[in-house]
Every structure is written in C-alpha cells, then in structure tokens.
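This report concerns only the one structure given below.
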Amino acid sequence: MSILRIDKLHKEYNSSGKSLRVLQDINFEIEEGATVSIVGSSGSGKTTLLGLCAGLDRASSGTVELCGQTLNSLNEDQRAEIRNQYVGFIFQNFQLIPTLSALENIMIPMELHGKSGAKNVAMNLLERVGLADRHHHYPSQLSGGEQQRVSLARAFSNEPRILFADEPTGNLDDDTSGTIEKLMFDLNREQGTTLVIVTHDLELARQTQRIIRLKGGHIISDEKTGQTQQSIVDEQV
Amino acid sequence: MSKFSFLLNTARKDSRKNRGKLFLFMSSIILGIAALVAINSFNYNLLKDIDRQAATLLGADLAITGDSPLNPAIQSAVDSLPGKQAKEVELLSMAYLPSVDETQFMRVKALEGDFPFYGTLVTTPAEAATSFKQSKSALVDNGVMLQYGLNVGDSIKLGNAQFVIAGNLKNAFGSAGVSATFAPAVYIPLQYMEETGLVQPGSLVDYAHYSMVPASFDIDNWVKRRNKAYKNAQVRMETVKSRKRSLNQAFDYLNYFLNLVALVSLLLGCIGVASSVLIYVKNKISSIAIFRCLGMKGTDAFTVYFLQIFGLGVFGVLIGAALGSLIQFVLPIILSDFLPVTVKSAISWKAILEGLIIGTVITVLFALVPLLAVRNISPLRTLRASFEEDVSGRDLAQYLTYVAIVGSIMAFLWKLTGNFINAGIFTASLLAAFLILFLVSKLIMFLVRKFFPTQWSFVLRQGLANLYRPNNQTQTLLISIGLGTAVLTTLFIVQGLLLENVAQMDAGNQPNMILYGIENSQKEELAKLTEDMGLPLIQQVPIVTMELSEWKGRSKSEWVADSTSNVEDWVINREARVTYRDTVDQFEELLRGNFVGNYEEGQDSIFISLDERYADGLGVDIGDEVVYNVQGTRIPTYVSSIRRIDFRNMQARFFIVFPKGVLEEAPQFQVLVTKTPDTATMASYRSKVVKAFPNVSVVDLGSILQAANEIVTKVSYIIQFMAGFSIMTGLIVLLSSLMLSKYQRIRESVLLRTIGASRNQILKINATEYLLIGSLSAATGILISIVGSYLLATLQLNLKYQLNWWPIILVFCLVVGLTLIIGLLNSREVLNKPPLEVLRNELA
C-alpha cells in the first residue's frame, strides 16, 4: 500500500516576472514503511520536491497524495493538520524553536495534537537520543549534533507515518553524522515509519532501500539501492 | 489541556527570552496612556470642583451686569425679588499711594450690601471684610500691599477721594488669577464712589447687581422668562447654573488642547507599537515557520503571538494609567494661575477606565497591522530562507484593520471636538502625511536606483544602495521618523507663532500709555504736560458716546424682537464710542465707498464710515441709513464707506467715524495716546497726571503687555510640559524604529566583517545609510509640518504666518543626529565582537 503517490507533478516559480520551471512531470509512489533517498546536484529540485511531498508548498499542477489525502485540494490549515497527524521532519539546520527548551521543543507536536502525557513521551525520547540530562537546555546551549538529536526526538514524538529529512547530516561532522544516521534508522525501524531523505551524501543514500535521482527538475533514475550503486559507477566512468 | 490553554502556555514560553525586546513595545504605549489618563483625570476633577464651587465663584444666586445702571423696569423687577440685594460699580483707574509716593493701575470695586452672599472676602484683619463699608476705608490687594510695603492704616487715593486702608485683601470676586496681575483689586464702599469723580461720561464702568434668593425660588426660570425682554437693555444675567455652564465651556478648550497633545503622544506611541511588533514578528519568522511546519494552523500561530502582544500591551496600558494618575497631581499646580476654582486631585476611575479601553483598543489595532502577517508565514521557510511574499502580502483582515484604525482615531477626535468635520479634517491630515511619506520613500528608492552614482567610493555606494536593496528600511523608517518629526515640529511652529504674535504687539514704536476720561477743558493743559516731559502726542482724539437707535428703517427693539434676523448681539449691546475726523487713519484701510471727512452746514445728509465687522454684524452696507441717539437727540446718518482696522496697533480704534462738523458741540471727552521711553519716565509721568488730573484714567499698556507676555510664557510652559510627553514618546519611537534596522543589517555587517571589511568601512557604510535616512525623514517631516502649520495658523487660528527657522533647524539636527547615533550604537556589537559571537547572540 502506497503512503505517498506523486502524479504528473509540475512546479514553477515566478521570479521578476519570468516563469522558472523547477520540477517537470514527476511521477513516483512510495510504499508504507519504505526508506527512500532523493539525490541530485544543487538546483536539481530536491528540496522543492520534498516541500511538495510534505505539504509545505502547493504544486503548479499534478497530484500529491499523502496518507490517502490529495494535498492539492486542501488549504494551508488542512495541510497543517495532516502534517501534525502523519508527518515528521528533520532539517539540515535543525530548526528548533530557540525560545523553547529541548523538552518543550519535543512536546510541541504532541501538544498541538492535543495528546496527553506529552512530557513523559518527550522525556523517554530524550533518553532514547541520550539527552535526558539536557532537557531544560535551550537550543543555543546545545552543540549541532545535540540539536539534531533533539530534532530527531521531536520528529518521532508524534509517531508519524512518514518522516521527511532534508540533508539531516549536512551540518555535522562524520562521527556525529554516524550517530545521527544510526539513531534515525533505529527509530525508523522501531516505529515502522516511512523515511524520505533528501541528501548529497551517497553513503547515507545507500543505507535506504531506494534512490530517486533528480537533474534539472526531472527524475533521471529511480532504482533499488544495488542498481543505483552501479548507475553511479557508470556515470562516473 | 484545552487548545486555548496550550496556546496561552506556548505564548508564555515563547516570549520568555524576548521580554527585553518587548519592553520597547510597552514603553511606546506607556507615555501616551499616561498623558491621556492624566489629562482626563484632571478634567473630571476640574468639572467636579466647578460644580461644587460655582456658587462661591459668582457669590450670589443672580448677577445682572452691564455698562450702565439698571433701567427702571429691570430695577423694579429686581426689587420685587425675595431675599437680599447688593450693588457693585467697577472701573479701572490709577491709584495714588501717598505713603510711598507711587501710583498703581487698579480695578476699583465699589460695593454696597452684603455681597458676597456665598463665600467670603478673605482679609487681614478678618473683620475688615465687613467693617470697611462702615467708613471711608478700602481693602487693598495683598500683592500691592507687599509690593509697596503698605500697612493697614495707610492711605490710598482714588480720583479725588482718599481712603484709609482697612485690610489686606487676599481674594477678589469676579476676576480670575491672571487678570488680577495687571489690575489688582481695591474695594471701597459704594457711597464714596461719587466723591472720587472717576465715574464720568465716557468712563469704562461696569455696574453689577447681585441677588440672593431663598432656596425654594427658581431663579433660572425667573431669568429665562425675562432674558428676551431685557436683551434690548444691554444687560447680562448670570445664575449659578449659567456660570457653571460657561465655565465648563471655557475649560472645554483647555481640555481640547490637552487632549490633542495626548492624542499626538498616543499616535506616536502607536507608531512605536507597530514598529516594535514588526521587529518582533520579523525576528520570530523562523519560529513561526517551524510551528507551522509541525502542524500549527495559521490562526493558532497568530493567536500565540497575539496573546503575547495583547498581554504586554495591557500591562503597558496599566502602567501608563498608573503613571497618568500620578502625573495628574502635578497638573493643577502648573495650571493654578488659570483656574477659577481650587482643583482637588483625586483618582478618577472614569479616566482610568477610558484610558484602559482607548489604550487597549488602539494598541491592539496598531499591533495587528504587522501581527496579521503571522497567519500567512509559510512553513516552507524551514527549507528556504527567503520567502518574502508571505509577510508582505495583504489580505482583507489587514485592510479591515486599517479601516478600524482610521475609524477609531476619527471617533476619538469626534468625541473630543464634538465636531464631525473637524475630526475628519484632522484624520485626513494624518492620512495625507502618511501618504506623502510613503510616496516620498518610494520616490527616493526609485531615484537612487535610477541615478546610482557608480563612480562613488565603495563605502558610500554600499550605504546608498542599502536604501533600495531587499530588506531595506527606507519605507518603515521614513514613515515613522517622518511622522514623528512632522507632529513635533508642527507643535513647535504653532507655539512659536502664538508667542511671536503676542510679542509683535510690544515691538517697535508702539505706544504704551493711554489716557482717557479727559474733559475738553483739560485737553490743552494735559497736552502741554505731556510735551513738556518730551513725550510725543501720538493720538489725541475726541470721543462721543451714543446709542444705536434704528437702522434700515426698523427700530432697535424691532430688530431684537425679530427671531429671524442675523444681527449680532455684540453690535447691538455695545455703547457706541464714536470719534469724528476728516481723514482715514494710517492703521485703517478703506475697503469701499467714499470717506466723507466734513459735514457742511445745510447739507441734507450725514455720511459716516463703519468698520467692516461692525457693518457685517449690523447687516448694513453703503447707502443704508443708521440712526444714533446722542443724549436724547436723534441723528440720522448714511453709511458712505467701509474700513478695515488693524487691531494689532495699540491706539484707540473706532468702529464708527463721523465727519467733522456734526458732533463738536455734543458731550464728549478726549483720549490721549503717548509713549514713554523707560519705566522711570513712565512712573514720573503717571504720577504727575494722577496728581494734576485725578479724574483722568491712565492705562499702562506696557504693564498690560508684560502681564500678557507672562501669561503666554506660562501657557507656553504648559504646552512644553505637555509636549514633553510627545517628545519622549517620539524618542522611543525613533529608538524602536532603529532597533528594527539592527536586525535588518546585522547579517550583512557580520558577513562583510567575515570576508574582511574593516571596522571603519562598516562604520562608514552604516553611517551613510543612517545619515541619509535621518535627513530625508526629518526634511520630509519638516516640510509636511510647515504646510500643516501654515494651514492651521491661517485657516484655524488667524495668526500671521512667520517662520522662525532656528527651532526647525534644531529639530532637523536633533532627529538626524539621534538617528545617526542610535543607528551606529546598533552597529557597535558587530564592530566590537567576533562575527560568530554576534551571529550566535542575535540570530539564536
């Protein structure tokens, strides 16, 4: 059963009165519980595609169906409800709310959803990411790796059906990246979440089951992980 | 947890690290509300005290006043009133003080009966207040007693009669504080008035008749029934109720002015509110985007920030109301010279409630302008840093907010002025100023981009380009600083114009002494005395008093009875003081017709010349017949010319001028106008005149002008005190507007530092930008204020418009200087700390 279905997706931006095509004729489906990477060079349209898939933006044409809901027909508030209910996010620059403590940042999605016992769940998650003793610290008092761990805990706090990660290790060193990747895949497995990662990091991409490659706003390949490694080698040759 | 309590909790948590930044927002409101509450509390206390003290202000239940004794009909009506009666004759005259050989211009009040019936004359010794009427004694104003070192038992000479000073007078009825400064009071018994010889044909005498009636008697109804019938008799009837009404009206103007100052502070504060909320929202965009990304609805995100602003706004309004309640204790002290009653300061809950409501409504409305954009902040900002259209987009709610702001200002002004058109004009002026500043900012950005000086140095080009680059602050700062400058400069210009117009009256070779009540037989002798002292005879004219009898074929009583006529009361009721001459005076302008200077015997008509306002008030024009009554003789005349008089010169001016050859034999007196070069000559001249001609009244215009100047100085002190609120608020607005720029420019400055720009270069770039913004805002604001004050002065206040450039230059330098200093202080963090530390502190 597919959790995300993209059909004939187009996205254009208007810049200084001119139309700029960012994505053209994108089609794919992702099965529930799958792990998928979207890779491509800068300006290939990866982040735009992620934004559209997660309901953060509207497509110029085509359909995005997330968790059985067609996003095109929904307004921003309805999409916000979908995000809160089914979607988790991890960002390259962590995007923690600077005025809230680590614990409060993790509690926010649950409180938005009106769930009870948010504090206990958040503390358990903080313990899971190894930051239980830092729960009262603000983002500015945490290192980059620690901030991303809080961000991971927040992403999983609402038990999302699908998790979107935008360059989750892009701002981190190799050792910290390794820790974050392991945590992300472990939590993903434990909760049975679908994982969609946008990344430049081929090492990270290889850890997913499927890689979709973008170039100039088109999908140039969509392969299982083994085939992808061969395509990359072919391209490099 | 309910949704609202979650939002409330989130608002509390989100704001805790930003409360320092929100202090600016709060302080913008505090002073405006403080001014409003202080002024309204004072006003309500004043009205309460007028209400309580009105009877003691009038001293009687009924006062009938006029410039002649009561006619037999009124006298008999008054005599039939139950209760007590009293009489007073009042005139201005020179008094001679033999013990110190000095003269003093005084208000002589000759009293008969037990007046005041309510309240008392406060004297030392206390019994003098009543005992002075038993003998040829006087009560003399305390100021005069102290000034000349007089004691009870000394003498005072008024005209031909000498009185023993029986007491030191601490208060007087019928004169407010300031009028007493140029004509202090002296009370004498009425039976000795005739002996003074001061009451003569042509003397300016006021007659008052006071009654005290039993409480059961409806005096207002008695007056109402007779008011119309006595209109013709040139008397004014006043009861406690009507005195209260007229006092309330008089203080409406004071309250109107003070409230305008409060409104200005409040509006400036609101600009500060809008600016600081805009800074706050811009600063919070990334947090809002994350909230949105995590599934918070736009309206919920808006609620989180609205609750923060609303909470702090109400807190600021409460502090302002408390501060205002404290300040109102100072107002009665500052305004004491102008108040006829003792105002007891007390907490006015009505004023506080009004302040809270107005403050909260207006703060919320102004905060809504930037706050509404929160609903539209896209969650996509978590992925992409620049997503400009979401915050700059306008929606229906935003337009409704603008309409509500204009509507609330208009409603406030309407309540204040009670005049819809005036409220509309003021609101439209504010909108026009706003629009002009908006257009000027657009024009500047267009011109700088179009004619960019590519050959200029790097730092100057950077500074200049900041005016139109993305994230520029040109529009926001130009509007907020420009509007603040415009309001403050207008206040200064109008204050300067008021002072200048009064000062002009004393300027140059204006005469400073007027002598009136001179009999024809004294004319030559007095002229000789004047010339012997080397003083000029600037004007020496005859005056004949007469009564208006009929015009345009209808008698005065017919005109008075006609309820449809537009004839003005002041024209009908005044005693006509007429002169005769054969030329148009140098301070008059002949508007139309022929000025006929001579009447030849045998001529069938007498042609007179009228002042334009007098003619308009009477409804007559050239060719119309006007009949006057001189001591029982009917004199029919025809209007042959209309003149305009310049009322700013200090000479005797005449609404009605007869030709020579008509009034020479009529009972008349002379007026002499001269100028003394210094106070010593003035005192010596005054003393000689009073001794040689006791019946002649000498009016010292110099001291009256000096007193007027003192009044204006006091008024301007009050204006400055109240304008202080506006200035303080203006400074806070400037500060909050410039704080906005801190966040706009900090990233750029840090990046420039990172890639190697020196401290000096960054300082110069920022200085160029702030200098340009400061100068352009101040110049535009000043230009608006010049146009605004010109319209206000010429159309509303009828003042001669003359700009004093120094205060304007000072305001310009002050605004530019402050903009530059605060702007550069904003940059000091970037200049003095490592770039990374700045980024962590400011952008975290």
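These numbers come from a predicted model, not from an experiment.
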Check the pair L112(A) / T10(B) against side-chain contact (heavy atoms from CB on, under 4.5 Å), numbers first and verdict last.
CA-CA 10 Å; L112(A) 273 170; T10(B) 309; over 6 Å; no
What part of [X] gets closer than 4.5 Å to chain B, counting heavy atoms only: side chain, backbone, both or neither?
X: I82(A); answer: neither
X: R154(A); answer: side chain
X: N93(A); answer: side chain

Here the gap from F6(B) atom CZ to M110(A) atom CE, rounded to the nearest 0.5 Å, amounts to 11.0 Å
dist T48(A):OG1 -> L380(B):CG (nearest 0.5 Å) comes out at 7.5 Å
By residue number, those in residues 301-315 of chain B with heavy atoms under 4.5 Å from heavy atoms of chain A are none
Within residues 289-298 of chain B, contacts to chain A at heavy-atom distances under 4.5 Å involve I290(B), F291(B), R292(B), C293(B), L294(B), G295(B), M296(B), K297(B), G298(B)
Looking only at heavy atoms and a cut-off of under 4.5 Å, which of [options] has the most pairs with chain B?
options: L56(A), V87(A), N84(A); result: L56(A)
options: A80(A), S101(A), G88(A); result: A80(A)
options: L100(A), L96(A), D166(A), N158(A); result: L100(A)

Does any non-hydrogen side-chain atom of P379(B) lie less than 4.5 Å from one of R79(A)? no
Review point. Would the number of heavy atoms belonging to other residues, nucleotides or ligands and lying under 6.0 Å from NZ of K119(A) be above 12?
Key: no
